[in-house]
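Report on one structure; see the data block that follows.
In what follows, residues are counted from 1 in the order of the sequence shown.
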Amino acid sequence: MLIGYARVSTGEQTTDPQIAELRAAGCMDIRSETGSGGSRARPVLARLVREIQGGDTLVVVRIDRLARSLSHLLEVIEAVEARGAHFRSLHDPIDTASPQGKFTLQVLGAAAELERALIRERTLAGLASARAAGRVGGNPGLRRGDGAARRKIAQARDDGYFGKLEANAQEWVPLVQRHRPDMPWQDLVRIINARRQQGAPAWTVERLRRAVSRFVREGLLPKTVLERARTAATNDRLLAIVAAIKGADPEITLQGIGQRLEEMRERTPRGRDKWQPSSVKMLVDRAREQGLLGRD
């Protein structure tokens with residue numbers, strides 16, 4: 001599937017010419033957005049990268065519609081390729097589905113490394129020169145205690161933080177919607193961590209609550225998810241956890257559920273640390289009887 005992405009910087013511009021080119025190229029699904037190319041906090045692009053499927057191709061008219069900096073461009077393309085999808089620019093020689101396109105991407109990556117090294121070298125030389133001349137670095141507004149400068153920096157940090165949450169929302173938002181406030185934060189964090197991608201940072205209760213609160217403020221999650229969880233008996237907790245694991249991955253086997261429980265360091269009802277498929281099946285059947293899972 002070809003998925004188009006069109007972007008303009010201001011509301012006074014229109015994406016119509018880009019959309020026409022993308023449709024002519026065969027894109028049936030086209031996402032458009034208004035925002036600066038230098039900003040990484042673009043929710044439409046973040047959602048597209050998160051939802052793209054293996055074998056799909058993200059298509060833009062020109063690479064500057066996707067990103068203004070080489071580092072951001074490569075970051076987006078790497079995220080797309082990590083999901084088994086491809087990237088194509090209609091007016092640039094980049095198509096990661098072809099050997100020539102991959103070679104061009106490698107050249108761009110080498111150029112980005114050189115650019116970073118040159119910038120670092122110039123920055124260090126500039127700082128040394130400024131210190132020798134007695135000049136102090138930093139934001140002049142912050143040095144003056146300017147409230148507007150502080151608010152601007154705080155907003156930029158918040159935008160960056162929200163952009164990161166948007167990029168990985170698929171791994172935690174559905175579980176929050178499904179299990180809060182019925183499940184305690186500690187148990188929910190353990191379930192999310194058991195499913196996170198290899199190399200991704202582990203969630204903590206504080207980090208998850210902060211992310212959920214941010215999405216609630218944006219109206220992306222209901223306020224009820226922040227309510228206090230009810231106290232549950234040990235068996236009720238196990239049923240809820242098993243139902244959450246099975247609900248998130250309906251095709252998972254009994255052995256797979258047992259492995260997840262062991263990763264979460266959940267003990268069996270008899271206090272053992274190793275789970276047998278028979279013990280897992282008993283909990284799955286009970287969760288289904290109590291309506292926590294759909295019936296086969």
- Task: Determine, step by step, whether Glu218 and Phe162 satisfy the side chain to side chain contact (heavy atoms under 4.5 Å, CB included) criterion, reporting the C-alpha distance in whole Å, the side-chain angles of both residues, the deciding distance to 0.1 Å, and the verdict.
- Result: CA-CA 10 Å; Glu218 292 291 330; Phe162 184 71; 3.7 Å; yes

- Message: side chain to side chain contact (heavy atoms under 4.5 Å, CB included), that's the test. Do Thr96 and Arg88 meet it? Break it down for me.
- Response: CA-CA 7 Å; Thr96 60; Arg88 180 190 306 168; over 6 Å; no

- Message: For a side chain to side chain contact (heavy atoms under 4.5 Å, CB included) check, start with the C-alpha distance between Leu261 and Ile245, then their side-chain angles and the critical distance, and finish with the verdict.
- Response: CA-CA 9 Å; Leu261 291 170; Ile245 296 172; 4.1 Å; yes

- Item | CA sep, side-chain torsions, deciding dist, call: Val76, Val49, side chain to side chain contact (heavy atoms under 4.5 Å, CB included) | CA-CA 8 Å; Val76 174; Val49 173; 4.1 Å; yes

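Here Asp158 pairs with Arg214 in a salt bridge; the nearest charged N to carboxylate O distance falls below 4.0 Å. Using a cut-off of 4.0 Å between Lys/Arg side-chain N and Asp/Glu carboxylate O, Glu51 and Arg31 are scored as salt-bridged. Taking 4.0 Å as the cut-off between side-chain N and carboxylate O, Arg190 and Glu266 count as a salt-bridged pair. A salt bridge between Arg210 and Glu206 is absent, with no side-chain N of the basic residue lying under 4.0 Å from a carboxylate O of the acidic one.
In this structure, the side chain of Ser279 does not engage the main chain of Trp275 through any donor-acceptor pair within 3.5 Å. Between the side chain of Glu171 and the main chain of Ile192, no donor-acceptor pair closer than 3.5 Å is present.
Arg65 contributes atom CZ, which lies 11.0 Å from atom CG of Asp92 (distance to the nearest 0.5 angstrom). Here CZ of Arg157 is found 13.5 Å from NZ of Lys152. Values are rounded to the nearest 0.5 Å. Between the CG atom in Leu58 and the CG atom in Leu2 there is a gap of 10.0 Å [rounded to 0.5 Å]. The line from CG of Leu226 to CG of Leu221 is 8.5 Å long, rounded to the nearest 0.5 Å. Note that CD of Glu263 and CD1 of Ile191 are 12.5 Å apart. Values are rounded to the nearest 0.5 Å. A distance of 8.5 Å separates CZ of Arg62 from OG of Ser89, quoted to the nearest 0.5 Å.
Closest heavy-atom contact between Met1 and Asp29: CE-CB, 3.4 Å. Of all heavy-atom pairs between Leu239 and Ala287, the closest is CD2-N, 3.8 Å. The minimum heavy-atom distance between Leu165 and Phe215, with the atom names listed, is CB-CE1, 3.7 Å. Between Asn168 and Lys164 the shortest heavy-atom distance is OD1-O, 3.3 Å. Between Arg42 and Ala67, the shortest heavy-atom contact is NH2-CA, 4.0 Å. Listed here is the closest heavy atom pair of Thr15 and Val8: CG2-CG1, 3.6 Å.
Using a 4.5 Å heavy-atom cutoff, the side chains of Met282 and Asp285 are not in contact. Annotation: side chain of Leu208 is in contact with side chain of Val176 (closest heavy-atom distance under 4.5 Å). In this structure the side chain of Ser9 reaches within 4.5 angstrom of the side chain of Arg7, judged on heavy atoms. The side-chain heavy atoms of His91 and Glu21, taken from C-beta on, include a pair separated by under 4.5 Å. Between Glu78 and Glu81, every side-chain heavy-atom pair lies at or beyond the 4.5 Å cut-off. Side-chain contact between Thr123 and Glu121: absent, with no pair of heavy atoms (C-beta onward) separated by less than 4.5 Å.
The only option from Leu188, Leu283, Asp187, Ile257 that meets the side chain to side chain contact (heavy atoms under 4.5 Å, CB included) definition with Ile241 turns out to be Asp187.
The hydrophobic clustering, which links ILVMFWY residues whose side-chain heavy atoms are closer than 4.5 Å, places Val61 and Ile63 apart. In the hydrophobic clustering of ILVMFWY residues, with side-chain heavy atoms under 4.5 Å counting as a link, Val59 and Leu74 come out apart. The hydrophobic cluster containing Leu90 does not contain Ile52, counting ILVMFWY residues as joined when their side-chain heavy atoms lie under 4.5 angstrom apart, directly or transitively. Under a hydrophobic-cluster definition in which Ile, Leu, Val, Met, Phe, Trp and Tyr are linked whenever side-chain heavy atoms come within less than 4.5 Å, directly or via other members, Met183 and Trp203 are assigned to the same cluster. The cluster map of Ile, Leu, Val, Met, Phe, Trp and Tyr, joined by side-chain heavy atoms under 4.5 Å apart, puts Ile30 and Leu48 in different clusters.
A donor and an acceptor atom, one from each side chain of Tyr5 and Glu33, are located under 3.5 Å apart. Side-chain polar atoms of Trp172 and Gln177 form no donor-acceptor pair below 3.5 angstrom.
Remark: Arg180 qualifies as a cation-pi partner of Trp185 under the 6.0 Å distance and 45° angle criteria applied to the six-membered ring.
Within a 6.0 Å sphere centred on CZ of Arg23, other residues, nucleotides and ligands contribute 12 heavy atoms or fewer.
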